[in-house]
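Reviewing the structure listed below.
Lettering of chains follows the sequences in order, A, B, ..., and the numbering in each one begins at 1.
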Amino acid sequence: MRRPTDPHRDLFAIRTASMGGSEIRALFAVLNRPETISLAGGAPWLGALPPDRVADYVASVLATDSARALQYGPAQGLPELRESLAGAMALEGIEADPRHLLVTDGAQQALELLAKVFVDPGDVVLAEAPTYVGAIQAFRSHQADVRGLAMDDEGLRVEALEEALAALGAEGRRAKFLYLVPTFQNPSGLTLAADRREQVLELCARHDLLVIEDNPYAMVRFEGEPVQALSAIAPDQVIYLGTLSKVFSPGMRIGWIWAPELVLRRLELMKEAANLCSSSFTQLVADAYLRSGHSQSDLDLIRKVYRERRDAMIDSVAQHFPAEAVLRPPEGGLFCWAELPAPMDTKSMLPRALEAGVAYVPGTAFFPEPARGRAYMRLNFSYPSPEAIEEGVRRLGVVVHEEMELGRGLGLS
Amino acid sequence: MARVGVVRGGRSLERQFSLDSGHNVATALRSAGHESLELDVDENLTQSLRGMDCAFVALHGRDGEDGTIQSVLDAFAIPYTGSDRLACHLCFDKPVASGVLRRAGIATPDSFVVHAEAVRHMGAGAAMGEAAGRLGYPIVVKPATQGSGLGVGVVREPEELPAAAMTAFNNGDRILLERFIQGVELAVTVLQEPGRRPRALPPVQISTEGVFDFRARVTPGAATYTCPADIREELLEAACGVAVSAFEELGARDFARVDLIVSEERGAVVLEVNPCPGLTETSLLPLAVRASGGSFEDFASSVVDAAIVRGEAAH
C-alpha cells in the first residue's frame, strides 16, 4: 500500500500548522558546544542567589509546611504568595488586590491562558513589532491573527496603533487586545515613553481595547528614572503579567496575572484545565524568598552586574561592528537590539556566525509578519560574562564585515 | 556482543540531527545486545574510541561525512561503519561527486561552481547572473559542502539570485548553481551486505511545497514522506538502479542515501549521495528499512558486524 509514512498526519489539529520557528531551534543545538559563545539566550544571571540560601528556603518550607508543599494546591495559587506578589507590584506603584491574582507557571503560561480565554481562530491581536516571540507563539497556537505595530526610539508609535484600529474598523472588525511589553522590551530593549503611555491608554479607552501589560523587566532598571506602569496609570483598562524569572529564578516557574474578577474566574478555569495548579512546593519556596528580606539587595547586585555587561556589549559593538550599525543602549532589561546596514540579512547570516562560534537571535523571529526584521539581531548581555561578551561580539564583528564584503561582491549593497 | 562507540553530535550545524541519529543508533544496538556508548566530538574522542571494538559514525556534515573522523579511525585501525574516508570526501563535496557521477554516465543536474574568493577578488559576482541565465531559470542555489538542505534556495527570477547566493555562501565558501529539475523527489537507501552487491530499499517519496530545504526538514508537517513512492514501477526501478550505480561509482560502503529527482522526460537524476544520512526515528533511511520489512535494530547491528569483520580482515 502506498501511503504517507506519518500515520497521524490527518489527525493533527489545524492550529498545529501555524507553529513555526523550528529552524533556529534546530541550528541552536551547537549552543552547548564549548567553543560557541551564545549571545542568543534569554537567561538571567543567577549569581546573586547562592544555592546555599535557596537550600535554606527549601529546608524551611519542608520543615514548617511540608504537608502543603507536597500536595495539590488551589488553581489560583497559594494565598500567601499572591499577597507577596501584590507586595512586589506595590513597589512599582500598582495597587493590586491579591484576590485578583492568579499564579501561573511562568508568565509564558499566563500568555497561553489569556489566548485561551480571549482568542478564537482568526481573531486579531495587536502587538508591538518586534515583540516577544513567546507571545507570538502562544497567540498563534490559538490561531490568532497577530498584527505588528511599528515602534521608534520611544516605543510603540501611537499613529501605528491609530492606523491599525482604523483599518480594523474599515474591515468591520475589532482587535481582542493590544499586547505590550512596555518597559525594556524583549527584544528591542525599548521603553514606551511616559507621555506615549498616556496617549496609548487614552486611544485604547476610546476604542474600548483591552491592554495586556507584560512586565518582566521593569524591576531590572540599572539606569534612568522609572516610568509608571500602564497598570498603575489605568488599572481598569489593563491586565498585568508578572514573573519572578528575572528577579529570582526561571527554574521555579512562577509568574502571575492580575486581572478583573470576571476575567480571573475564566482564567482560573482554564488554568485548572491546563495543569490543575502550579507547584505548591516552588510557590512556597518563592514566597519564603520574597519574605526573606534579601530580594532587594539581590536585585541591586543584579542591576550592577547587568549594567557592567551592557556596557561591555556597547563598547564591544562600537569597536567591532561597522560604523553604520545602530545599537540603542537600553537602561535596563537583558537585551540589546542591533540594526545592521541594509541589505544585511541576519537570518541568512546565522549559519556563518555559528560556524564562527557565536550565536544571536535573528530579528525575523520577533516580527509577526514574515520577512520583516532581517536587518536586526537580538544580543543578550545578562547571561554571558563581560569577557564572553567581548569575544562574542568580536567574532560577530568579523562575520558582519565578511558578510558586507561578500554582499558588495554580489551587488547586494 | 561488541563495544560500540556511537559518535554523534559534533560541531556541524546538523548537530541536532546527529544527536538524535546517534541516540537512535545506540538504543537500537543495545536492543540488539551490543554495548553502546554515545560519544561527542571533543579532545578525548580518539582516546575513547581506541577502547572500542567498533565506531558507529552517526556524525552528519563536517567531521563525520567529509572524511575527517574516518581518517582518525583509519590511523588508529579502529573498525568503523559506513563509507571510508575517500568515499566520504567525494560524496561530501557535491561538485566533485557530481563530476565523478557524470563521467560514469550517471545523470546529474547541469551546474556551475562559484567560489566566495572569486566573488570577493575576481568580480565573479557580477558575472554570476549570466552563468545562471545559461542554465535557465528556475535554478537551485546551494552550498557545495553542507547537508540537511542548509542554505538551499530556488531562484525563479534573476533579481533573486544575489540574496540566494549569499544565503548559500553563509553555509560554505563554495556554492553550486544548479539547473532545477522538475519531477518527483526520491530518497533511495542503498545497503551493501558483506560480499554482496549493493541493493536499493523501497524509495521514499518526498512531497513539499517548494524545495526540500532545512526549514522543510525541521518544521512539523512541512514535508510528507510516502513509501513506497507513488510513481510508475518502471521509473521506481530506474531510480533504484541509478542509486545503486551512484553508490558504487563513489565507492560508498555499508549504507548511503541517494537523493534523486525522477521524471518521465529525464528519468532519474542524482542530486547527491549521503554517506552518513539521518538515522533518527523519523529519518528517511529507517523509514525505508521498515518499509522493506526489516528492523532498524537488525540494520544497525549488521552494519556493526560488517565493520568488525572488515577490521579483523585488515589485521
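Here the OG1-CG distance, from B:T167 to A:L350, works out to 11.5 Å after rounding to the nearest 0.5 Å. Going from atom CZ of A:R33 over to atom CG of B:D42 covers 7.0 Å, rounded to the nearest 0.5 Å. How far CG of B:D40 is from CG of A:N32: 7.5 Å, rounded to the nearest 0.5 Å. In this structure, CD on A:E23 lies 7.0 Å from CG on B:D213, to the nearest 0.5 angstrom. Taken from CZ in B:F169 to CG in A:L410, the straight-line distance is 6.0 Å, to the nearest 0.5 Å. Note that NZ of A:K347 is 13.0 Å distant from CG of B:N170, once rounded to the nearest 0.5 Å.
When each of A:G407, A:P351, A:A353 is checked for heavy-atom pairs under 4.5 Å with chain B, A:P351 comes out on top. Note on A:M349, A:E405, A:R408: by heavy-atom pairs under 4.5 Å with chain B, the leading option is A:E405.
Looking at heavy atoms from C-beta onward, B:V218 lies out of side-chain contact with A:L27 at the 4.5 angstrom threshold. The side-chain heavy atoms of B:R11 and A:V30, taken from C-beta on, include no pair separated by under 4.5 Å.
The part of B:L150 that comes within reach of chain A is its side chain, from C-beta onward, which places non-hydrogen atoms under 4.5 angstrom from that chain. Using a 4.5 Å cut-off between heavy atoms, B:R217 makes no contact with chain A at all. B:V114 does not touch chain A: none of its heavy atoms, backbone or side chain, sits under 4.5 Å away. If you measure heavy-atom distances from B:S12 to chain A, the contacts under 4.5 Å come from the backbone alone. Looking at A:L412, only its side chain comes within 4.5 Å of chain B, counting heavy atoms on both sides. The contact between B:A116 and chain A is made by backbone and side chain atoms together, counting heavy-atom distances below 4.5 Å. With a 4.5 Å cut-off on non-hydrogen atoms, A:E403 touches chain B through its backbone and its side chain both.
With B:R15 contributing its side chain and A:L31 its backbone, the two residues share no donor-acceptor pair below 3.5 Å.
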Steps toward side chain to side chain contact (heavy atoms under 4.5 Å, CB included) verdict (A:M344, B:M166)
CA-CA 10 Å; A:M344 293 286 280; B:M166 178 63 100; over 6 Å; no
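B:E281 CD: 12 or fewer foreign heavy atoms inside a 6.0 Å radius. More than 12 heavy-atom neighbours from other residues, nucleotides or ligands sit within 6.0 angstrom of CD on B:E234. Heavy atoms from other residues, nucleotides or ligands lying under 6.0 Å from OH of A:Y383 number 12 at most.
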